[in-house]
Amino acid sequence: MSRASVPRIDTAPLAAQIALLPGLVRLRELVPSFAEASAETVYAVLESAAAQAADRLEALNATSEYAPPRVVDGEVVTSALYRQVWLDFAQGGWMTLDMPSEHGGQGLPLVIAVAAQEVFDRHCCAFGMLPVPIRSAARLIDAWASDALKAEWLPKLMCGEWGATICISEVGAGSDAGRMRTVAKPQGDGTWSITGEKQWISFGDHDLTERIGHCLLARTEGSRGLSLFLVPDRIDGERNGVFVRNLEHKLGLHLSPTCAMGFEGARGWMLGEEGRGLAQMFVMIANMRMAVGGMGLGMASAAADLALSYARERLQGGRGPSPVPIIEHADVQRMVLGVQAEVEVGRAVIYAAAVEADLARVESDPARRAESAALAQWLLPIVKTMGGELAFNTSSTAIQVLGGAGYTADWPAEQILRDARVLTIFEGTSGMQALDLLHRRLWKDRRAGLDAFLRQAEADAAALAAAGRDQLAGEARAVFSLLEETATHLMALEDHPHEAEAGATALLDLSITAAQAWGAARIAATDGTIPVHERLRALGGFLLGDLAGRAKFHAGRARRGADQLAAISALG
Ligand SMILES: Cc1cc2nc3c(=O)[nH]c(=O)nc-3n(C[C@H](O)[C@H](O)[C@H](O)COP(=O)(O)OP(=O)(O)OC[C@H]3O[C@@H](n4cnc5c(N)ncnc54)[C@H](O)[C@@H]3O)c2cc1C
């Protein structure tokens with residue numbers, strides 16, 4: 001039997017959610033090209049993405065177990081289908097949706113690019129690992145490169161002729177990038193010679209683009225801090241001292257080549273200031289963390305819809321002579337409704353975060369810009385971690401709904417589960433996202449992002465109450481209060497970081513729960529007069545009923561402290 005396909009997405013809820021975002025109105029006022037992002041444009045973009053994804057990317061994904069990229073004569077080779085799908089994607093302009101128009105982009109709001117990414121990654125998330133670093137590298141180069149490098153690289157990246165990687169990890173430097181050993185030496189002509197070994201570089205080599213620019217961190221003699229370089233794999237058509245050492249065998253994402261890369265005196269160009277590389281790299285990292293959220297959403301929506309369609313077809317049980325569709329059983333309803341609600345609420349959070357990220361860039365009022373910047377930073381570790389967990393948990397529940405069939409390769413749920421597992425590891429593990437929230441967002445920023453979040457969350461709870469859903473508004477407010485109290489408790493532990501760090505992951509979990517309560521409140525307040533709003537209203541309300549209980553659990557864990565955990569050292 002050939003494997004069942006992921007059904008084409010219904011884009012109506014996506015377009016409806018985008019239309020509900022209050023920040024989008026402001027974005028349209030601020031940026032002329034954003035004003036073109038009318039409801040009709042959004043719908044047309046998403047429908048076109050849905051058609052291409054369900055056709056081309058679904059076909060590509062079907063090859064992932066038997067035709068993954070491989071190394072031939074020291075170079076990574078993909079399939080003819082892969083090359084054609086990439087060409088169609090790049091020529092279709094899918095990488096440039098939110099890119100600035102002065103560099104050949106379409107100048108649309110980021111939220112539309114995130115929604116399109118959700119649609120594409122739903123059918124082949126491994127493929128999505130190629131455009132994301134390219135788009136993020138374009139932003140990095142735009143922010144830090146010389147005019148000459150911008151003129152050389154940006155048009156080529158935008159049209160997909162050239163690729164890019166984020167090149168940080170090394171054997172001894174994973175979460176702790178500061179321990180990296182790759183070195184850069186000045187060549188006296190404005191270029192640098194890069195030597196070192198990088199590991200787990202996504203699309204570190206491939207034949208889908210003519211050239212690959214590695215956005216690489218390395219150390220220099222002149223500074224204690226790391227510096228940022230652009231290192232092309234080829235210069236004037238010749239290899240530039242950049243070699244593929246190995247292609248990893250992984251649990252999932254088989255169509256995404258993960259490479260160990262060697263740099264042997266490769267020529268590179270420094271971007272920005274010497275010693276400021278890690279801070280500068282955050283332009284790229286922020287884009288990529290947002291993209292992990294979009295990717296997780298795409299995978300989760302695929303799994304949730306698979307669960308729903310299977311549950312409507314599969315006949316088992318019932319009191320009469322004939323079996324009934326399993327969707328009629330309360331426990332199956334619990335699972336299917338649960339995953340549909342998690343996806344819709346996750347979408348509300350991720351889309352809102354994308355709008356805040358744009359406002360942080362383009363808002364003209366300084367106070368409002370600062371508020372959006374703080375909120376966007378607060379939401380980033382939440383979006384990244386929530387997206388990863390959503391994809392894994394939803395695919396696991398989908399397997400449960402499909403029963404034994406779900407565990408087999410006849411259905412795509414098991415692949416989604418395997419592919420999803422890495423989302424909470426790369427681009428910073430969840431443990432590191434939690435520490436970011438504690439150290440940077442609470443302590444360093446004096447909770448500016450949290451306060452911005454609580455203001456917006458309360459406004460949405462008030463709107464929900466005004467819509468006549470007082471009890472649900474009360475549930476949302478209970479979650480927000482628990483987050484506020486827990487954050488205050490951990491703020492007070494600044495002089496006891498080890499004690500506070502023991503609660504960091506619980507703080508992240510609680511912050512995710514609060515973000516979900518915020519998203520759920522917004523979509524539950526719709527009037528329900530059209531079917532798509534009725535859906536949002538029902539799913540938001542359903543999830544809100546669960547969130548206060550979850551928040552209590554996380555708040556309790558956040559206060560347990562470090563003493564009990566230290567017992568691990570004494571265990572035999
Ligand atoms: C498929 C795949 C693709 C990847 N693509 C890229 C890429 O394109 N470019 C790139 O540069 N890298 C890439 N990576 C690497 C990825 O970013 C790292 O795996 C990740 O940052 C974690 O580093 P590590 O694996 O060394 O884990 P470690 O840092 O060894 O962490 C192991 C565990 O310890 C915890 N931990 C570590 N330090 C601390 C601490 N101080 N406090 C609390 N907990 C801690 C972590 O949270 C984790 O749970 C990729 C990895 C994979 C698997």
Side-chain angles (χ1 to χ4, degrees), residues 64 68-69 76 125-137 140 163-182 196-206 212-218 226 228-229 231 233 242 244 246-261 263 277-278 281-282 284-285 287-289 291-292 295-296 299 381 384-385 388-389 391-392 418-440 497-508 562 565-566 568:
S64 78
V76 176
C125 54
F127 175 88
M129 300 282 291
L130 179 57
V132 166
I134 298 179
R135 292 174 53 229
S136 308
L140 186 80
T165 73
I166 183 165
C167 207
I168 302 179
S169 302
E170 297 179 12
V171 171
S175 302
D176 191 359
R179 295 193 186 275
M180 71 177 48
R181 302 177 67 170
T182 297
E197 301 293 317
K198 296 285 180 182
Q199 72 168 356
W200 300 331
I201 305 306
S202 299
F203 283 92
D205 190 57
H206 55 84
I212 300 169
H214 299 285
C215 301
L216 175 145
L217 289 178
L226 300 171
L228 175 61
F229 298 89
V231 187
D233 68 335
V242 181
V244 182
N246 185 31
L247 196 55
E248 301 293 345
H249 296 273
K250 318 192 287 291
L251 179 65
L253 289 183
H254 292 158
L255 287 174
S256 166
T258 310
C259 305
M261 304 293 300
F263 294 81
L278 192 54
M281 187 64 120
F282 265 86
M284 186 165 191
I285 292 173
N287 254 273
M288 295 190 66
R289 288 186 179 165
V292 173
M295 177 178 279
M299 297 159 92
K384 196 264 170 189
T385 310
E389 291 179 351
F392 187 75
R418 286 185 289 108
D419 289 350
R421 186 60 190 87
V422 75
L423 269 60
T424 53
I425 296 173
F426 62 24
E427 287 313 316
T429 63
S430 297
M432 300 314 288
Q433 304 299 319
L435 291 181
D436 179 69
L437 208 58
L438 179 70
H439 283 264
R440 294 210 178 83
H498 187 63
E499 183 72 3
E501 283 173 6
T505 289
L507 171 71
L508 175 59
L565 301 180
I568 186 69

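Everything quoted here is computed from the prediction, not taken from an experiment. Atoms within a ligand are numbered from 1 in the order they appear, just like the ligands themselves.
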How long is the straight-line distance from [atom2] of [Y] back to [atom1] of [X], given to the nearest 0.5 Å?
{"X": "Arg135", "Y": "Leu140", "atom1": "CZ", "atom2": "CG", "value": "14.0 Å"}
{"X": "Met281", "Y": "Ile166", "atom1": "CE", "atom2": "CD1", "value": "4.5 Å"}
{"X": "His206", "Y": "Leu247", "atom1": "NE2", "atom2": "CG", "value": "12.0 Å"}

Inset, instruction - Quick one: list whatever passes salt bridge (Lys or Arg N to Asp or Glu O under 4.0 Å) with Glu170, sequence neighbours left out. - result: Lys198
Legend entry - ligand 1 versus Glu501: contacting region, heavy-atom distance under 4.0 Å: neither
Legend entry - Part of Ile168 with heavy atoms under 4.0 Å of ligand 1, whether side chain, backbone, both or neither: both
Could you check if a side-chain atom of [X] sits within less than 4.5 angstrom of a side-chain atom of [Y], using non-hydrogen atoms only?
{"X": "Arg181", "Y": "Glu197", "value": "no"}
{"X": "Leu217", "Y": "Thr182", "value": "no"}
{"X": "Arg289", "Y": "Pro381", "value": "no"}
{"X": "Leu423", "Y": "Met299", "value": "yes"}

Inset, instruction - Could you tell me whether ligand 1 has any atom less than 4.0 Å away from a heavy atom of Val422? - result: yes
So which heavy atom in the protein is nearest [atom], and how far is it from that ligand atom?
{"atom": "atom 20 (C) of ligand 1", "answer": "Ile425 O, 3.6 Å"}
{"atom": "atom 26 (O) of ligand 1", "answer": "Gly174 CA, 3.2 Å"}
{"atom": "atom 12 (N) of ligand 1", "answer": "Ser169 OG, 2.7 Å"}
{"atom": "atom 28 (P) of ligand 1", "answer": "Ser175 OG, 3.7 Å"}
{"atom": "atom 48 (C) of ligand 1", "answer": "Thr429 CG2, 4.0 Å"}
{"atom": "atom 40 (C) of ligand 1", "answer": "Met432 SD, 3.9 Å"}
{"atom": "atom 13 (C) of ligand 1", "answer": "Trp200 O, 2.9 Å"}
{"atom": "atom 9 (N) of ligand 1", "answer": "Ile166 O, 2.8 Å"}

Taking only heavy atoms of [X], which atoms of ligand 1 are found under 4.0 Å from at least one of them?
{"X": "Glu427", "answer": "17 (O)"}
{"X": "Leu435", "answer": "42 (N), 43 (C)"}
{"X": "Ile201", "answer": "7 (C), 8 (O), 9 (N), 10 (C), 11 (O)"}

Legend entry - Partner of Arg440 under side chain to side chain contact (heavy atoms under 4.5 Å, CB included), chosen from Asp436, Leu438, Leu437: Asp436
Is [atom] less than 4.0 angstrom from some protein heavy atom?
{"atom": "atom 7 (C) of ligand 1", "answer": "yes"}
{"atom": "atom 15 (C) of ligand 1", "answer": "yes"}
{"atom": "atom 32 (C) of ligand 1", "answer": "no"}

Legend entry - Lys384 (side chain) donor-acceptor with Gly428 (main chain) under 3.5 angstrom: yes
Inset, instruction - Report yes if Ser202 has an N/O atom closer than 3.5 Å to an N/O atom of ligand 1; otherwise report no. - result: yes
Legend entry - Which residues share a ring-ring contact (aromatic ring centres under 6.0 Å, His included) with Phe263, sequence neighbours left out: His214
